[in-house]
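The basis for the numbers below is simple: all heavy atoms, side chains too, and nothing from hydrogens, waters or symmetry mates. Quick note on labels: first sequence line is chain A, next is B, and so on, each numbered from 1.
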Number of protein chains: 2
Amino acid sequence: MKLVEAGTKTADVAKLADMFAAMGTEPRLRIMRLLLSAHPEGLVVGEIQDELGITGSTLSHHLEKLRHEDLVDVRREGTFMRHTVNTDSLRALLTFLYSECCGRNKAIDPELLMATGQRCKC
Amino acid sequence: MKLVEAGTKTADVAKLADMFAAMGTEPRLRIMRLLLSAHPEGLVVGEIQDELGITGSTLSHHLEKLRHEDLVDVRREGTFMRHTVNTDSLRALLTFLYSECCGRNKAIDPELLMATGQRCKC
DNA sequence: TTCATATTACGATATATATCGAAATAAAGT
DNA sequence: ACTTTATTTCGATATATATCGTAATATGAA
């Protein structure tokens with residue numbers, strides 16, 4: 001009897017784990033929150049640096065990691081590099097967590113989720 | 001103008017980042033999925049080991065990490081150690097992600113989440 | 001108490017990560 | 001072309017992590 005199966009493939013788990021890892025550091029989680037709060041415009045590197053007070057080179061590494069896991073997109077604007085969250089990837093992550101926790105044997109009640117923030121508009 | 005504020009304190013971000021990090025590894029994410037699928041009974045270490053094929057000592061370290069971040073609870077049953085997911089912590093994580101992504105400027109549409117699994121029963 | 005089983009701790013190693021300052025690159029303006 | 005500003009790369013170090021095999025511990029049974 002296989003306990004785990006559902007709609008998440010073996011390869012996906014590794015990918016999702018990498019995404020969790022990318023958010024699994026205080027500076028990077030702050031970056032994600034900041035970019036989400038600035039969505040959809042995003043921010044250029046210098047703005048992130050000013051806001052979070054991270055050394056340029058360190059910030060560059062963190063952004064590279066977030067880009068590598070497709071959590072963040074970047075486009076050039078002259079000399080600036082404008083970063084935005086990748087909503088598709090974030091949705092994949094959220095959907096995974098949601099279905100793992102609220103699907104099947106319902107470890108978590110979905111209603112309690114809504115309660116703490118958004119109102120469900122079904 | 002502060003871009004990030006909302007209902008998540010500074011200390012919380014570090015804690016949440018640690019939780020993400022705990023799930024940010026393929027073996028540990030598999031463990032979490034397995035325990036969720038076995039919820040609420042949970043599994044003893046040997047069962048997890050058989051299911052995932054992880055060396056005893058390595059598995060022990062991973063479980064210690066998950067316990068340390070309060071993602072997993074443990075209780076003794078004779079010589080067995082029965083592990084279960086901590087739904088409160090998981091809910092905190094899910095709620096955070098949900099409100100960051102779907103709250104405020106709504107980077108992600110909540111309805112798309114539901115679509116892939118649960119039906120909203122408001 | 002002795003034996004068997006389940007799990008964790010120990011010791012060790014290899015790899016990965018976070019961080020920094022300084023140098024290098026890239027684009028834009030003068 | 002030169003200068004300024006923005007960002008990344010380089011080189012280096014310190015810390016953390018993942019993993020293993022084996023030894024230690026804890027419980028239950030004989």
Participant: What are the residues of residues 55-74 of chain B, sorted by number, that bring a heavy atom to within less than 4.0 Å of DNA chain D?
Facilitator: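 Output list: B/Thr55, B/Ser57, B/Thr58, B/His61, B/His62, B/Lys65.
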Participant: Nearest whole angstrom, please: distance from the C1' of D/dT7 to the CZ of A/Arg75.
Facilitator: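 So the CZ-C1' distance, A/Arg75 to D/dT7, works out to 16 Å.
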Participant: List the residues meeting side chain to side chain donor-acceptor pair (under 3.5 Å) with A/Asp88, not counting sequence neighbours, and say none if there are none.
Facilitator: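 Checked A/Asp88 against side chain to side chain donor-acceptor pair (under 3.5 Å); matches are A/Arg91.
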Participant: Measure the shortest side-chain to side-chain distance between A/Leu36 and B/Asn105 over non-hydrogen atoms and say whether it is less than 4.5 angstrom.
Facilitator: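 Side chain of A/Leu36 against side chain of B/Asn105, heavy atoms only: no contact under 4.5 Å found.
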Participant: Could you state the atom-to-atom distance from CG of A/Leu43 to P of D/dT7 in whole Å?
Facilitator: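 That distance rounds to 11 Å.
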Participant: Once you round it to whole Å, what is the distance between C1' of D/dA26 and CZ of B/Phe80?
Facilitator: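 Result: 13 Å.
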Participant: Test of understanding: with salt bridge (charged side-chain N to carboxylate O under 4.0 Å, His left out), list the residues that count as partners of B/Asp12, not counting sequence neighbours.
Facilitator: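 Salt bridge (charged side-chain N to carboxylate O under 4.0 Å, His left out) list for B/Asp12, sorted by chain: empty.
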Participant: Just N and O in the side chain of B/Arg76: are any of them under 4.0 Å from OP1 or OP2 of D/dA26?
Facilitator: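 The answer is no; no side-chain N or O of B/Arg76 sits under 4.0 Å from OP1 or OP2.
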Participant: Of all residues at least two apart in sequence or in a different chain, which pass the side-chain contact (heavy atoms from CB on, under 4.5 Å) check with A/Ala21?
Facilitator: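 side-chain contact (heavy atoms from CB on, under 4.5 Å) list for A/Ala21, sorted by chain: empty.
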Participant: To the nearest 0.5 Å, what is the distance between OG (B/Ser60) and CZ (B/Arg67)?
Facilitator: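 The CZ atom of B/Arg67 is 6.0 Å from OG of B/Ser60, to the nearest 0.5 Å.
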Participant: Applying a 4.0 Å non-hydrogen cut-off, can you work out what A/Arg28 is touching in the nucleic acid: base, sugar-phosphate, or nothing?
Facilitator: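 The answer is sugar-phosphate, as A/Arg28 gets under 4.0 Å only of primed atoms, P, OP1 or OP2.
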Participant: The criterion is salt bridge (charged side-chain N to carboxylate O under 4.0 Å, His left out); which residues satisfy it with B/Glu41, sequence neighbours excluded?
Facilitator: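 By the salt bridge (charged side-chain N to carboxylate O under 4.0 Å, His left out) rule, B/Glu41 matches no residue at all.
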Participant: Chain A on DNA chain C: first and last contacting nucleotide, 5' to 3', under 4.0 Å to a heavy atom?
Facilitator: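 Using the under 4.0 Å cut-off, the span is C/dT17 to C/dA28.
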Participant: Looking at A/Asp73 and A/Arg82, is there a salt bridge between them, counting it only when a charged N and a carboxylate O are closer than 4.0 Å?
Facilitator: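 Between A/Asp73 and A/Arg82 there is no salt bridge, as every charged N stays at least 4.0 Å from the carboxylate O atoms.
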Participant: Output yes when B/Glu26 and B/Arg28 qualify as a salt bridge under the 4.0 Å nitrogen-oxygen rule, no when they do not.
Facilitator: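 Answer for the salt bridge query: no.
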Participant: Of A/Thr25 and B/Glu47, whose nearest nucleotide on DNA chain C comes first from the 5' end?
Facilitator: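 So the residue in question is B/Glu47.
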